[in-house]
> 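Below are the structure tokens for one structure; questions will follow.
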Amino acid sequence: MAEPSIKRPKGTQDITPKEVNKWQTVEVACKTTAEDYGFSEIRTPTFEDTKLFVRSVGDATDVVQKEMYTVTSKGDSEFTLKPEGTAGVIRAVIENGMLNEAFPQKLFYLTQCFRHEKPQAGRLREFHQFGCEIIGTKSPAADADLIMLAADVLERIGIVETKLNINSIGCPNCRAEYIKALREYFSQYTDTLCETCISRLEKNPMRILDCKSPICSEVAKNAPVILDYLCDECKEHFDALKGILDAMEIEYRVNPRIVRGLDYYTKTVFEFICDNIGAQATVCGGGRYDGLIRELGGADTPALGFAMGIERLLIAAKRGRAEFIDRASCDIYLASIGQDALLKTAQLARSVRDIGFIAEYDIVGRSLNAQMKYANKIKAKFSAVIGDDDIKKGIIKVKNMETGKIDNLRLDDSFAEKFGDILTDYILNDDLDFDCL
RNA sequence: GUGGGUAUAGCGUAGUUGGUUAACGCGUCAGUUUGUGGCACUGAAGACCGUGGGUUCGAAUCCCACUACCCACCCCA
């Protein structure tokens, strides 16, 4: 305590045992839903060659320009902690020759990401993403399946109040036309637009559509709409997607304003918005990135994906109707009186643990009373007290902590198995009672 | 990077015309209760009142600065 205490870095968090069950609930929902859709997990490094993100996420994006944690390692290599999940996955797919395997490749990941931003609700410097990628299909059926998967994940977690927004931002060809038209339109308003939007006019006029400044968004209201500029192929793709979503009764809103901030997106883009979780309301974002694999040196392959922010899912889940799984509680607490008995409880605990149940005993040196209080506190289902007499007699009383019912068990090799039977009965009966209710 | 808010035990809070030893609830530990927990009662530990200055006989309380956290802009998941 003499030294100044060391605190965790800004924008990071500790996930304590009280919270970790909520994380696990969300993680399990993500993982099992993805697996139900035929996705396999992929894990990639926490840091990558900086060039990977510059080339995929995009040179001019905020993420690359001002949010990356980049270090120069021994030697000349520059590495960056991953600011998002897709780039690393695509790099790995190319590097491991997975483009030669059967298409589509369907992959999911659950990973921490890092961006140097100013923290606020739903935005941290180290955060966690769940993402899914489908590689090797240009069919709009894939877009629809991916969106359905995202919707299912949210539903299974218990997040109900989300809105799906979709848009198409076209392919490089038709987008060029559109950007030209946008520039022409916004150029008329150079005296009213905000400063950042003026600079966007040159670099990326589509971002002006996203600006929340009242003046800019007022001007943007009458701006040309991308959907009017889509080429035949892009338009067909988008119409087909809408058709499938309609057929599957997935509600959506076409929102021509959604423009993703990462450069690799093409054609379909979408967001799931959750309004009651603060300003950072996008709980899931994704879209197509048909040009990315080629850009990263792989064969020209269409692909698409989405990412969800686990922290945001968690906020939404707490506000929604999520039911969080609890950690399994202790099956039996073995109290001891005296040193010989302590050794005995240690042996018994191990035998119970060997058959897959949770057993604890006194490793603190507490009085019997205190041991029992502790057993109660950790919600032990059963308890047993062992003293010299019991060891002599070779029989101990196992008590059901809920009902107070006591069973006598032999203190020999059969103990664990017999206790297992009692516990199984208890759990089955408990389920029956539950069903009757 | 720019705003706004907050800062008192592990957690949640009370504490303003400045006045002895900073209070309460929860939690933790122990005892009542060396062969049985929950309830109850008793007690204990735990706070340099965010940090540093200033005003004052006297500051958790007033003033200034700093820091941290939260929220929002921006950006995005």
Side-chain angles (χ1 to χ4, degrees), chain A residues 1-2 4-5 7-13 16 18 57 61-67 82-86 110-131 150 194-197 200 207 210-214 216 258-262 265 269-274 277-287 305-316 330 333-338 341 364 366-390 396-404 406:
Chain A
M1 288 297 282
S5 59
K7 294 190 188 150
R8 56 166 216 279
K10 185 200 275 272
T12 63
Q13 64 187 331
T16 58
K18 279 184 186 137
V57 173
T61 59
D62 279 12
V63 170
V64 167
Q65 278 193 344
K66 43 191 195 196
E67 295 172 3
K82 53 178 152 182
E84 57 99 51
T86 300
L110 215 34
T111 185
Q112 63 273 70
C113 297
F114 306 85
R115 291 185 200 173
H116 188 100
E117 297 188 272
K118 193 148 175 187
Q120 72 184 72
R123 192 174 74 185
L124 291 163
R125 289 183 173 180
E126 180 184 13
F127 62 104
H128 297 75
Q129 281 193 343
F130 163 68
C194 75
E195 268 182 51
T196 41
C197 280
R200 281 167 175 158
R207 298 290 289 287
D210 232 6
C211 186
K212 271 136 201 153
S213 135
C216 298
I258 66 168
V259 176
R260 317 258 61 240
L262 275 42
Y265 288 111
V269 290
F270 62 90
E271 285 179 358
F272 283 84
I273 309 287
C274 192
I277 62 168
Q280 306 301 320
T282 304
V283 95
C284 170
F306 69 73
M308 296 186 179
I310 303 285
E311 285 81 359
R312 292 181 192 177
L313 293 178
L314 231 33
I315 299 170
C330 182
Y333 182 86
L334 297 154
S336 59
I337 306 161
V364 177
R366 282 195 254 238
S367 69
L368 178 62
N369 184 33
Q371 289 184 60
M372 291 306 295
K373 282 188 172 172
Y374 179 73
N376 189 60
K377 201 166 296 163
I378 63 174
K379 297 188 171 74
K381 297 184 187 79
F382 289 84
S383 68
V385 178
I386 301 172
D388 292 341
D389 292 350
D390 309 288
I396 58 170
K397 295 182 178 117
V398 173
K399 177 176 176 180
N400 181 322
M401 293 291 277
E402 202 179 304
T403 63
I406 287 175

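So you know, we letter chains A, B, ... as the sequences are listed, proteins then strands, and number each from 1.
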> With distance as the sole test, does A:Arg125 use its side chain to make a donor-acceptor pair with the main-chain N or O of A:Glu117 at under 3.5 Å?
yes

> Would you mind pulling out the nucleotide paired to B:rU16, Watson-Crick or G-U wobble, both distances under 3.5 Å?
none

> Regarding B:rU2, can its base be found pairing with the side chain of A:Lys118 as donor and acceptor, where the two atoms are less than 3.5 Å apart?
yes

> Does a donor on one side chain and an acceptor on the other come within less than 3.5 Å for A:Gln13 and A:Glu311?
yes

> Assign A:Ala307 to base, sugar-phosphate, or nothing according to its heavy-atom contacts below 4.0 angstrom with the strands shown.
sugar-phosphate

> Does the structure show A:Tyr374 stacking with B:rG37, if we require the centres to be closer than 5.5 Å and the planes to be within less than 30 degrees of parallel?
no

> How close or far is atom P of B:rU36 from atom CD1 of A:Ile396, stated in whole angstroms?
16 Å

> NZ/A:Lys381 to OG1/A:Thr403 distance, rounded to the nearest 0.5 angstrom?
14.0 Å

> Which nucleotide, B:rA72, B:rU33, B:rC70, lies nearest any side-chain atom of A:Ala279?
B:rA72

> If you compare every side-chain N and O of A:Gln120 against the phosphate oxygens of B:rC73 (OP1, OP2), does one of them come in below 4.0 Å?
yes

> Counting distance alone, no hydrogens or angles: does the base of B:rC76 have a donor or acceptor under 3.5 Å from a partner atom on the side chain of A:Arg312?
yes

> Just the rounded figure in Å: distance from C1' of B:rG1 to CZ of A:Arg125.
11 Å

> Find the partner of B:rU42: check Watson-Crick (N1-N3 plus N6-O4 or O6-N4) and G-U wobble (N1-O2, O6-N3) distances, both under 3.5 Å, and reply none if neither fits.
B:rA30

> Report the distance from atom CE of A:Met401 to atom CD1 of A:Ile378, rounding to the nearest 0.5 Å.
8.5 Å

> How long is the line joining CZ of A:Phe382 and P of B:rG37, in whole Å?
18 Å

> In this structure, how many angstroms lie between the C1' atom of B:rC71 and the CD atom of A:Glu117, rounded?
15 Å

> Which nucleotide, in any strand shown, forms a Watson-Crick or G-U wobble pair with B:rU21, with both distances under 3.5 Å?
none

> Tell me: CZ of A:Arg123 to P of B:rC76, nearest whole Å?
10 Å

> Does A:Ile277 or A:Val283 map to a spot on RNA chain B nearer the 5' end, using the closest nucleotide for each?
A:Ile277

> Go through B:rG35, B:rA77, B:rU36 for me and flag the one nearest to the A:Glu311 side chain.
B:rA77

> Distance between the C1' atoms of B:rC62 and B:rU55, in whole angstroms?
8 Å

> NA contact type, A:Arg8, heavy-atom cut-off 4.0 Å: base, sugar-phosphate, or nothing?
nothing

> Take atom NZ of A:Lys373 and atom P of B:rC41, then tell me their distance rounded to the nearest Å.
12 Å

> With no hydrogens and no angle check, is any side-chain donor or acceptor of A:Arg115 less than 3.5 Å from a backbone partner on A:Val63?
no

> Is the distance from OP1 or OP2 of B:rC76 to the nearest side-chain N or O of A:Gln280 less than 4.0 Å?
no

> Using heavy-atom distances to pick each residue's nearest nucleotide on RNA chain B, tell me which of A:Ile310 and A:Ala370 is more 5'.
A:Ala370

> Can a donor-acceptor pair under 3.5 Å be found between the side-chain atoms of A:Arg366 and the base atoms of B:rC29?
no

> Go through B:rC76, B:rG35, B:rA30 for me and flag the one nearest to the A:Val385 side chain.
B:rG35

> Is A:Lys377 near enough to B:rC29 that one of its side-chain N or O atoms lies under 4.0 angstrom from OP1 or OP2?
yes

> Mind checking the P distance from B:rG38 to B:rU28? Whole angstroms is fine.
12 Å

> Tell which nucleotide pairs with B:rA60, taking only Watson-Crick or G-U wobble pairs whose two distances are both under 3.5 angstrom.
none

> Please name the nucleotide paired to B:rA65 by Watson-Crick or G-U wobble geometry with both distances under 3.5 Å, or report none.
B:rU51

> What is the distance from CD1 of A:Ile386 to P of B:rU36, rounded to the nearest Å?
16 Å

> If we take the P atom in both B:rG43 and B:rC24, what is their distance in whole Å?
11 Å

> Taking only N and O in the side chain of A:Lys66, is any of them less than 4.0 Å away from OP1 or OP2 of B:rG1?
no

> Using purine N1 to pyrimidine N3 plus N6-O4 or O6-N4 for Watson-Crick, or N1-O2 and O6-N3 for G-U wobble, each under 3.5 Å, what pairs with B:rG3?
B:rC71

> Take atom C1' in B:rC71 and the same atom in B:rU17, then report the distance between them in whole Å.
34 Å

> Enter the distance from A:Lys377:NZ to A:Cys330:SG here, rounded to the nearest 0.5 Å.
14.0 Å

> Taking only the P atom of each, what is the distance from B:rC57 to B:rC73 in whole angstrom?
49 Å

> What distance, rounded to whole Å, do you find between the two C1' atoms, one in B:rU6 and one in B:rG12?
15 Å

> Should the side chain of A:Glu271 and the base of B:rC76 be counted as holding a donor-acceptor pair, with the cut-off at 3.5 Å?
no

> Counting any heavy atom closer than 4.0 Å, what does A:Gly85 reach on the DNA or RNA strands: base, sugar-phosphate only, or nothing?
nothing

> Which part of the nucleic acid, if any, lies within reach of A:Gly285 when heavy atoms closer than 4.0 Å are counted: base, sugar-phosphate only, or nothing?
sugar-phosphate

> Quick one: pull up CZ in A:Arg312 and CG in A:Leu124 and give me the separation to the nearest 0.5 Å.
9.5 Å

> By nearest atom, which of the nucleotides B:rU32, B:rU36, B:rA77 is closest to the A:Met372 side chain?
B:rU36

> Using atom C1' in both nucleotides, what's the gap between B:rG35 and B:rU21 to the nearest angstrom?
44 Å

> With a 4.0 Å limit, can you tell me whether A:Asn369 has a side-chain N or O closer than that to the phosphate oxygens OP1/OP2 of B:rG37?
yes

> Taking atom C1' in both B:rU67 and B:rG50, compute the distance separating them and give it to the nearest angstrom.
8 Å

> Would a distance-only check, ignoring hydrogens and angles, find a side-chain to backbone donor-acceptor pair under 3.5 Å from A:Glu84 to A:Cys113?
no

> Nearest 0.5 angstrom please: A:Lys399 NZ to A:Met372 CE, how far?
5.0 Å

> Does A:Ser367 have a side-chain nitrogen or oxygen under 4.0 Å from the phosphate oxygens OP1 or OP2 of B:rG31?
yes

> Round to the nearest Å and state the distance from A:Leu313 atom CG to B:rC76 atom P.
19 Å

